[in-house]
Each structure stands twice: as C-alpha cells, then as structure tokens.
2 protein chains.
Amino acid sequence: MTATKRVRLSPEARRAQLIELGVELLATRRLDELSVELIAQSAGISRGLLFHYFSSKQEFHTEVARAAAAEMIRRTEPDTSRPPVEALRGALSAFIDYVEENPDNYKSLVRGAASADLEMRAIFDNTRATMAQRVIDVIAQLGFELSDRADLAVHGWVAYVEECVIRWIDSRRFDREQLLEMLTKSLPAVALSASDDEVGTLVSILTDQKPIEQ
Amino acid sequence: MTATKRVRLSPEARRAQLIELGVELLATRRLDELSVELIAQSAGISRGLLFHYFSSKQEFHTEVARAAAAEMIRRTEPDTSRPPVEALRGALSAFIDYVEENPDNYKSLVRGAASADLEMRAIFDNTRATMAQRVIDVIAQLGFELSDRADLAVHGWVAYVEECVIRWIDSRRFDREQLLEMLTKSLPAVALSASDDEVGTLVSILTDQKPIEQ
DNA sequence: TCAGTCATTGAACGTGGGTCAATAGATAGT
DNA sequence: ACTATCTATTGACCCACGTTCAATGACTGA
C-alpha cells in the first residue's frame with residue numbers, strides 16, 4: 001500500500017523494529033502463523049531483507065518469543081521490598097493482569113510455540129524457571145528449605161498457575177479476587193504436600209501465621 | 001526400497017494403517033515433523049494417496065493426535081472398583097508408567113502440538129477435561145461438592161501433574177515412589193486451597209482420615 | 001561531486017503441501 | 001477364462017513459502 005521509496009535504517013533499528021512488530025502481531029496470530037510474507041508486508045520491506053537480520057524464519061521466531069517472554073517477566077517482577085507473601089500476591093496479580101491484557105498474545109506463546117525447536121523450548125523452560133525461582137526465593141525468605149520434591153512442585157505450580165489463569169479468563173465463573181486468593185493459597189499447599197513437613201506447618205501457612213521457628 | 005507393485009487395501013485398513021504409523025513415528029519425531037513425504041515413504045505409498053484419506057496434512061495430524069491421546073486415556077483409566085484414593089493413586093501410577101515408556105511420544109504430544117489449529121486444541125482440552133473429570137468423580141465419591149474454584153483447580157492440577165512428571169523424568173532426583181506420593185497428596189491440597197473449607201477438613205484429608213460427615 | 005559502503009531489493013530456486021486425470025488391482029457376472 | 005466395472009493408487013503438475021544472491025541505490029566522508 002504505502003509505496004514509498006526505500007527507507008534505509010540502521011541495522012539495530014531495523015532489527016528492533018522487526019522483533020517488536022513480530023510481538024505485536026502475536027496479539028492476533030499464533031507464532032507459527034507469522035509468515036515471512038506477513039512480516040515483510042507489515043514492515044514495508046521486501047521478504048529478502050528479513051534474512052539480512054535473521055538467519056532463518058525459525059531464528060526470527062525465537063527472537064520474537066524471547067522478546068515477548070522478557071516482556072512478561074518484566075511485567076510480573078515481584079516487589080522484593082515488601083513482605084514475602086505480599087510480594088507473591090503482587091506478582092500473581094501482575095501476572096493475571098498481563099494475561100488479561102494480552103490474552104491472545106499470551107496464549108500464542110504458551111500454547112502456540114512450545115512445540116518448535118530446542119532453542120524455543122529453552123526459552124520457555126527459562127521463563128518458567130525464572131518464575132519458579134522467584135517463588136523459591138520467597139519461600140526461602142519464609143525460612144523454609146526446599147527439598148528436591150518441593151522444588152519440582154514449585155515448577156509444577158507455575159504450570160498450574162498458567163493453566164488456571166488461562167481457563168479462568170475463558171470462563172470467568174468467579175471474580176478476579178477469588179482467583180488471586182486461590183492461586184496464592186495454592187502455592188504453600190502444593191509445596192508442602194511435596195515435603196515431609198508436619199501438617200502443623202502447613203496449617204500455619206494456610207492460616208497465615210508465622211512459620212514455626214526452627 | 002521395497003519396490004513391490006501396488007498394494008491395494010480397503011479404505012478402512014489403509015486409513016487405520018496410516019494413523020497407527022503416524023503414532024509410531026511420534027516416538028522419534030515431533031508432530032509437526034511428520035511430513036507427507038515421510039509418511040508416504042514409511043507406508044510405501046505415494047504422497048497423493050494420503051490426501052485420498054485425509055483432506056489435508058493438518059487433518060491427518062489431528063487424527064494422529066486423537067489416536068495417541070485416546071491411547072493415553074485408555075492406559076490410565078482408573079479402577080473404579082477400588083476405594084477412591086487408591087483409584088486415584090493407581091491412575092497416577094499408570095500415568096507415570098505411560099510417560100516413562102513413551103517419553104518422547106508424550107512430549108511430542110503435550111508440548112509439540114498444543115500450538116496448532118482449533119481442532120487440535122480441542123483434542124487436548126478434551127483429554128485434560130477427561131482426566132480432570134475422573135478426579136472430580138473420585139472427589140465426589142469422597143463426599144465433597146466442588147465449587148467453581150475447586151473445579152478450576154482440578155484442571156490446573158492436571159497441568160501440574162503433567163509438568164511434574166515430565167520434569168521428573170528428565171532429572172530423576174528422587175525415586176518414583178516419592179513422586180507418586182507427592183502427586184497423590186497434591187490433589188487434595190490444591191483442591192482444598194481453592195475452596196472455603198475449614199483447615200480442619202484439609203488436615204483430615206492430608207492425614208488420610210475420613211472426611212468429616214456433614 | 002565523486003567513491004565507497006552497505007542496507008535493500010527483486011528475481012530465481014528448492015522444498016513440500018495439495019490437485020487431478022490416468023492407471024491398474026480387485027471383484028462380479030457371463 | 002474372459003471381460004466389464006469399480007475404485008484404490010499413482011505420478012505429474014501447480015503453487016505457496018522459505019531462502020539465496022547478484023544488482024541497486026541511499027547514505028557518508030572526502
């Protein structure tokens with residue numbers, strides 16, 4: 001449409017533009033639907049130019065996914081200056097916000113790209129690991145040492161949260177506050193169901209009391 | 001290689017053969033790596049014939065995924081003649097077995113195909129819903145009514161189990177029995193963290209006592 | 001104004017999905 | 001056994017799309 005003459009940009013600017021454009025297009029299409037043709041047309045460049053900045057469509061896709069994941073991680077960063085439980089609650093709240101604002105974008109990522117190559121999988125593993133690590137840090141501040149089982153449980157819990165939020169958005173059978181409440185409570189429940197701790201410790205967490213000091 | 005003459009099969013037999021072949025090939029390749037060329041070569045037929053039985057490669061892929069999912073569902077069917085908790089434990093055990101025996105096959109499915117079209121997503125939603133429904137039935141037998149939140153929690157729990165088993169297989173930092181134990185315990189923990197029930201009820205579950213009769 | 005650098009283009013190629021008219025393996029009727 | 005009919009099967013063809021590359025032209029410094 002816009003048949004302007006050649007527009008010459010610096011490599012950094014062009015590359016950044018293409019990645020950002022890819023992330024934006026994720027709002028309406030799945031990652032695997034981002035064809036070279038579509039990108040080029042949207043950016044007003046020729047198909048060939050894409051390969052001047054990315055060695056293949058696959059690499060372009062991973063860069064787009066990396067940028068989108070980084071954006072999500074940034075948006076949901078917990079406020080470590082606040083008490084651990086509040087920080088966790090705040091991060092979960094931010095996560096719900098993020099998914100609510102970019103539902104398609106997020107689904108395109110989590111459900112749409114998990115397939116691809118090893119590098120793509122690494123991006124998602126890292127993203128989940130980052131989210132899990134934040135939680136583990138919070139738990140550590142609460143005075144708990146995580147066993148291997150509890151560590152695995154935390155990673156599983158991240159998947160639990162993702163699934164719950166996505167499904168909740170599709171149905172919305174109760175309000176946001178209740179979702180936030182159940183997600184926050186589910187973490188200590190899961191983490192402790194995976195440990196040998198006495199039931200009393202679990203209860204102290206769920207009832208929001210201070211953990212028993214060692 | 002096997003340059004035999006034309007082999008003429010009945011439509012049902014040929015179609016079944018192709019789907020079964022597709023499922024077998026999933027053990028070594030991701031779903032999106034099942035090219036028409038590969039299928040045809042493996043089956044000893046021409047590429048064109050595939051389109052006599054499936055309207056598109058996409059439809060073929062969904063049929064393969066459907067068959068693989070059905071196989072998994074069948075393999076993990078709970079024994080309803082046993083007490084609810086034992087049935088749950090048995091189903092989880094069977095699920096671990098299944099993933100252990102077909103790790104690549106399973107990963108190809110869960111992580112590799114979630115992307116695709118709406119129909120493909122429906123298959124996975126149905127599979128998870130089936131697994132969740134079984135659990136919900138077990139809980140109902142225990143005398144509990146599930147709230148909307150608890151229902152969502154069960155669906156999320158299925159994702160939790162999938163993630164835990166897949167990650168456990170890759171690292172195996174503790175033995176199978178411990179995994180089974182933590183997964184079994186995690187369900188009541190999660191379901192109840194999503195409900196308004198008193199902590200006492202949760203404790204009664206976790207300590208394996210009878211639920212308090214209403 | 002000129003030369004040189006390099007972002008950019010557009011034509012061309014290869015691969016793989018999808019179509020279709022022609023072919024041949026089975027079966028039934030004689 | 002022979003022939004006719006049916007249809008599973010083929011192979012050539014088309015096209016969309018990722019990818020390559022030599023040619024082009026927009027900028028910079030001299």
Side-chain angles (χ1 to χ4, degrees), chain A residues 1-22 25-26 28-65 112-113 115-120, chain B residues 1-22 25-26 28-65 112-113 115-120:
Chain A
M1 292 299 175
T2 58
T4 43
K5 300 279 182 65
R6 279 191 186 183
V7 178
R8 188 187 173 113
L9 294 185
S10 72
E12 308 79 46
R14 182 67 82 189
R15 187 181 164 92
Q17 175 212 9
L18 293 176
I19 292 177
E20 190 187 356
L21 176 62
L25 289 174
L26 268 191
T28 51
R29 301 152 216 273
R30 279 180 282 113
L31 189 60
D32 60 278
E33 289 174 327
L34 294 189
S35 65
V36 174
E37 171 72 29
L38 175 65
I39 299 292
Q41 209 166 344
S42 302
I45 63 171
S46 65
R47 290 194 305 278
L49 188 56
L50 190 77
F51 296 93
H52 196 73
Y53 296 99
F54 306 94
S55 63
S56 66
K57 189 182 83 159
Q58 204 177 157
E59 192 208 320
F60 174 69
H61 279 177
T62 64
E63 290 308 312
V64 170
S115 58
D117 53 320
L118 285 177
E119 186 139 8
M120 191 71 88
Chain B
M1 291 300 176
T2 57
T4 42
K5 301 279 182 66
R6 278 188 187 184
V7 178
R8 189 186 173 114
L9 296 184
S10 71
E12 308 79 46
R14 183 64 84 189
R15 187 181 165 92
Q17 175 213 7
L18 293 177
I19 292 177
E20 189 186 357
L21 176 62
L25 290 175
L26 268 192
T28 51
R29 299 153 218 272
R30 279 180 283 113
L31 189 59
D32 60 280
E33 289 175 327
L34 293 189
S35 66
V36 174
E37 171 72 30
L38 175 65
I39 299 293
Q41 209 165 344
S42 302
I45 62 172
S46 65
R47 290 193 306 277
L49 188 57
L50 189 77
F51 295 94
H52 196 73
Y53 295 100
F54 306 93
S55 62
S56 66
K57 190 182 81 158
Q58 202 176 124
E59 193 207 321
F60 175 69
H61 279 177
T62 65
E63 291 307 314
V64 170
S115 60
D117 54 320
L118 286 177
E119 186 138 8
M120 191 72 89

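Keep in mind that this is a model prediction, so the values were computed, not measured. Here is the naming used below: chain letters follow the sequence lines, and residue numbers restart at 1 for every chain.
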Asks: Could you run down nucleotides 16-27 of chain C 5' to 3' and tag each one B, S or - for protein heavy-atom contact under 4.0 Å?
Replies: -SBB---BSB--

Asks: For the backbone of B/M120 and the side chain of B/H61, can you confirm whether one donor and one acceptor N or O come within less than 3.5 Å of each other?
Replies: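 No, B/H61 side chain to B/M120 backbone: no donor-acceptor pair under 3.5 Å.
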
Asks: Separation of A/Q41 atom CD from C/dT9 atom C1', in whole Å?
Replies: 16 Å

Asks: For residues 35-47 of chain A, please give each side-chain donor-acceptor pair under 3.5 Å, one per line with the distance, not counting sequence neighbours.
Replies:
{"residue": "A/S35", "atom": "OG", "partner": "A/L38", "partner atom": "N", "Å": "3.1"}
{"residue": "A/E37", "atom": "OE1", "partner": "A/R47", "partner atom": "NH1", "Å": "3.2"}
{"residue": "A/S42", "atom": "OG", "partner": "A/L38", "partner atom": "O", "Å": "2.8"}

Asks: Working to the nearest 0.5 Å, report the span between OG1 of A/T62 and NZ of A/K57.
Replies: 12.5 Å

Asks: Give the minimum heavy-atom separation between B/L31 and B/A65, together with the two atoms involved.
Replies: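 Shortest heavy-atom contact: CD2-CB, 4.4 Å.
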
Asks: Which value, rounded to the nearest 0.5 Å, describes the distance between B/I19 atom CD1 and B/E63 atom CD?
Replies: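 Going from the CD1 atom of B/I19 to the CD atom of B/E63 covers 5.0 Å.
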
Asks: If you look at every strand shown and take non-hydrogen atoms under 4.0 Å, does A/Y53 touch a base, only sugar-phosphate, or nothing?
Replies: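 Sugar-phosphate contact only - A/Y53 comes under 4.0 Å of backbone atoms but never of a base.
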
Asks: Atom CD of A/E59 and atom OH of A/Y53: how far apart are they, to the nearest 0.5 Å?
Replies: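 Rounded to the nearest 0.5 Å, the CD-OH separation comes to 13.5 Å.
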
Asks: Considering just the side-chain nitrogens and oxygens of A/H52, establish if one lies under 4.0 Å of OP1 or OP2 belonging to C/dT8.
Replies: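 No, outside the criterion.
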
Asks: Using a 4.0 Å cut-off to any heavy atom of chain B, which nucleotides of DNA chain D are the first and last in contact, reading 5' to 3'?
Replies: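 Boundary nucleotides touching chain B, in 5' to 3' order, are D/dT7 to D/dC13.
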
Asks: Determine the contact category for A/L50: base if any of its heavy atoms lies under 4.0 Å from a base atom, sugar-phosphate if only primed atoms, P, OP1 or OP2 are that close, otherwise nothing.
Replies: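 Here A/L50 touches no strand at all.
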
Asks: How many angstroms lie between atom OG of A/S10 and atom CD of A/E12, to the nearest 0.5 angstrom?
Replies: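 Rounded to the nearest 0.5 Å, the OG-CD separation comes to 4.0 Å.
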
